[in-house]
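Here is the structure we will look at.
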Amino acid sequence: METYGYNAAASSALLLPDMEISALQDVVLRSKLPSFEALRPAREPAAPINGLDKLVQELHRIFRDDVVNIEHVSEVMASYQSNPADWKKFAKFDRCRYTRNLVDEGNGKFNLMILCWGPDHGSAVHDHADAHCFMKMLQGTLSEVRFRWPDGDSQQDQEGEDDEAGRPLEEISRTDLRLNDVCYINDSMGLHRVENPSHSDPAVSLHLYSPPFNSCSVFNQRTGKRSQCNVTFWSKRGKKIDKEARSATVPEDN
Ligand SMILES: N[C@@H](CS(=O)O)C(=O)O
Ligand SMILES: [Fe+2]
């Protein structure tokens, strides 16, 4: 059993106990419940989930509660068997980099999105803005590489003045995620980067973030320096985001 030392995950919206990842864990909505209710047993095993719509429904039901069990969410996501017919309308690729495609806004409690990774696409090393991150493979294989937080990381360590200072980030694990696998990370477990190791095949993954976030930190792997990064959507509910249309706030007069 591994214990994670870094305890930055107690976000403004959610509270986690010190974590032992294989133990039963709960996410507590801090505003509603005291933290001592954080360790209660997982519920009964998740029943099979037939289709992405059913998964979304079940996630809504789970997140209606004030307490959300991390293992239970992972099990529910694992019990949905990927079927491209369910999700292909959301899966929009870009030639140059991975795309983030919003599927559902989870009543403001979570964002569910489909990420599309072309051959060799990958993310920079990043944190998850104090959110809980669940990730399920829908197609292909992704490689997830975790890193320890840089020593003494703080807002003062931001990229800038002395780019050469600092030390390379220390890798702590490397995992291949295959079809239907689910993984979980939060900031107390470190940083990660994800890549599609295939030079020919795309990969597709389903991500749930709670609470939703629209910016996170990215880290220079060589120096450990942190900088802030906005995260945006390539499409929402199957419709490509058209930047021009979005900024046209005044309707055309005809
Ligand atoms: N957390 C990343 C995807 S991944 O590399 O885990 C994102 O939301 O863009
Ligand atoms: Fe991530």
Side-chain angles (χ1 to χ4, degrees), residues 4 6 8-9 11 13-14 16 19 21 27 59 70 73-74 77-78 87 90-94 96-106 109-150 153 169 171-198 202-221 226-237 240-241:
Y4 298 91
Y6 188 84
S11 71
L14 296 159
L16 271 183
M19 305 227 353
I21 190 57
V27 179
L59 291 169
I70 293 170
V73 175
S74 301
M77 287 179 74
W87 50 257
F90 300 112
K92 301 190 186 301
F93 285 82
D94 178 35
C96 301
R97 50 156 300 158
Y98 80 90
T99 61
R100 308 172 84 249
N101 304 278
L102 181 71
V103 174
D104 189 89
E105 281 172 309
K109 300 233 179 130
F110 62 84
N111 268 349
L112 187 69
M113 64 193 76
I114 283 179
L115 271 50
C116 296
W117 313 77
D120 300 314
H121 288 177
S123 53
V125 180
H126 58 274
D127 71 0
H128 294 89
D130 274 350
H132 301 267
C133 162
F134 300 85
M135 173 175 171
K136 178 199 171 76
M137 290 308 299
L138 296 180
Q139 185 184 305
T141 298
L142 289 172
S143 175
E144 191 224 10
V145 188
R146 292 195 182 178
F147 301 86
R148 213 176 286 292
W149 279 82
D153 176 78
L169 292 173
E171 186 176 316
I172 48 180
S173 69
R174 193 172 273 262
T175 311
D176 279 343
L177 302 169
R178 301 202 166 76
L179 185 63
N180 289 311
D181 284 354
V182 174
C183 87
Y184 169 81
I185 188 169
N186 67 49
D187 289 348
S188 77
M189 298 159 74
L191 310 169
H192 78 176
R193 115 179 127 70
V194 170
E195 71 185 12
N196 178 359
S198 172
V204 180
S205 50
L206 179 70
H207 296 234
L208 184 152
Y209 298 115
S210 179
F213 60 90
N214 47 29
S215 80
C216 67
S217 294
V218 297
F219 295 79
N220 182 314
Q221 201 176 321
R226 175 209 282 247
S227 47
Q228 207 57 23
C229 172
N230 289 332
V231 288
T232 53
F233 290 112
W234 185 254
S235 71
K236 288 187 176 181
R237 291 174 215 84
K240 177 113 194 283
I241 301 284

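Every heavy atom of this structure was used, including side-chain atoms; hydrogens, water molecules and symmetry mates were not. As the structure is a prediction and not an experimental result, all values here were calculated from the model. Remember, it's 1-based here, ligands and their atoms both numbered in the order they're listed.
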Restricting to N/O/S, name the atom of His192 that gets closest to the Fe ion (ligand 2).
-> NE2
Going by the order shown, which atoms of ligand 1 are within less than 4.0 Å of some heavy atom of Trp117?
-> 5 (O)
Which of the atoms of ligand 1 are close to Val194, meaning less than 4.0 Å from one of its heavy atoms?
-> 4 (S), 5 (O), 6 (O)
To the nearest 0.5 Å, tell me how far Ile172 CD1 sits from Met189 CE.
-> 8.5 Å
Anything under 30° is parallel, anything over 60° is perpendicular, the rest tilted; go ahead and classify His128 against Phe213.
-> perpendicular
Examine distances only and state if a side-chain atom of Ser205 and a backbone atom of Met135 form a donor-acceptor pair shorter than 3.5 Å.
-> no
Report the nearest protein non-hydrogen atom to atom 1 (N) of ligand 1: residue, atom name, distance rounded to 0.1 Å.
-> Tyr209 OH, 2.8 Å
Looking at His126, which atoms of ligand 1 are within less than 4.0 Å of one of its heavy atoms?
-> 1 (N), 2 (C), 4 (S), 5 (O), 6 (O)
His207 backbone or side-chain N/O/S under 2.8 Å from the Fe ion (ligand 2) = no
Exam field: side chain Ser210 to backbone Lys109, donor-acceptor pair closer than 3.5 Å = yes
Counting distance only, does the side-chain N/O of Asn111 pair as donor-acceptor with the main-chain N or O of Tyr209 below 3.5 Å?
-> no
Rounded to 10 degrees, the angle NE2 of His128 makes with NE2 of His126 at the Fe ion (ligand 2) | 100°
Does Asn196 reach the main-chain N or O of His121 with its side chain, forming a donor-acceptor pair under 3.5 Å?
-> no
Just wondering, do Thr99 and Ser235 contact through their side chains at under 4.5 Å, heavy atoms?
-> no
Arg193: heavy atom below 4.0 Å from ligand 1, yes or no?
-> no
How does Phe233 reach ligand 1, if at all, at less than 4.0 Å between non-hydrogen atoms: by side chain, backbone, both, or neither?
-> neither
Shortest protein contact, atom 5 (O) of ligand 1 (heavy atom only) = Ser123 OG, 2.7 Å
State plainly whether the residues Arg193 and Glu171 are in salt-bridge range, i.e. N to O under 4.0 Å.
-> no
Out of curiosity, is Leu115 lining ligand 1, as in a heavy atom under 4.0 Å away?
-> yes
Compute the centroid of each ring, for Trp149 and then for Phe219, and state whether the two points are separated by less than 6.0 Å.
-> yes
Report the part of Met113 (side chain from C-beta onward, or backbone N, CA, C, O) that has a heavy atom under 4.0 Å from ligand 1; answer both or neither where that applies.
-> neither
Please state which protein non-hydrogen atom is closest to atom 9 (O) of ligand 1 and give its distance, to 0.1 Å?
-> Tyr98 OH, 2.6 Å
For atom 6 (O) of ligand 1, what's the nearest protein heavy atom and its distance?
-> His192 NE2, 2.9 Å
Go through the side-chain N and O atoms of Gln228 and Ser217 and say whether any donor and acceptor fall under 3.5 Å apart.
-> yes
Report yes or no: does Phe213 have a heavy atom closer than 4.0 Å to ligand 1?
-> no
Which segment of Arg100 sits under 4.0 Å of ligand 1 when only heavy atoms are counted | side chain
